[in-house]
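Quick notes on the structure that follows.
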Amino acid sequence: MDAHLKGNLTAEPEARTYDSGKTKVTARVAVNDSYVKAGTGERVELTPLYFTVEQWEPAPAFLTAAKKGSRVAVTVSYTHLRAHETRHD
């Protein structure tokens with residue numbers, strides 16, 4: 001099963017090449033979501049979720065070229081997804 005994440009990069013993606021010659025790109029993605037309350041029409045912003053995305057080669061070109069703050073959409077394996085919810089007050 002796959003998960004589709006749409007969010008913003010919280011830092012520059014990091015590429016690391018190992019002795020085996022394989023390259024892994026690691027990126028942090030902040031996903032913000034909101035909903036509208038039924039009846040009141042009030043928009044409610046949910047606590048952002050932060051995900052670490054690791055992509056082995058071939059990494060999508062957009063991921064290696066994207067900069068901090070860039071809006072990205074990535075597909076990841078749900079079973080390998082690591083979510084860390086962080087609250088900002």
Q: Mark yes when over 12 heavy atoms from residues, nucleotides or ligands other than E12 sit less than 6.0 Å from its CD; otherwise mark no.
A: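 More than 12 heavy atoms, drawn from other residues, nucleotides or ligands, come within 6.0 Å of this atom.
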
What distance do [X] atom [atom1] and [Y] atom [atom2] have between them, rounded to the nearest 0.5 Å?
| X | Y | atom1 | atom2 | answer |
| --- | --- | --- | --- | --- |
| E54 | T26 | CD | OG1 | 4.5 Å |
| N32 | N8 | CG | CG | 7.0 Å |
| T75 | K6 | OG1 | NZ | 9.5 Å |

Non-hydrogen atoms of [X] and [Y] that approach each other most closely:
| X | Y | value |
| --- | --- | --- |
| V29 | T10 | C-CG2, 4.5 Å |
| A66 | V72 | CB-CG1, 4.3 Å |
| R43 | S34 | NH1-OG, 2.7 Å |

Q) Who else is in the cluster with Y35 when I, L, V, M, F, W and Y are joined by side-chain contacts under 4.5 Å? A)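 ILVMFWY cluster around Y35 also holds V44, L46.
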
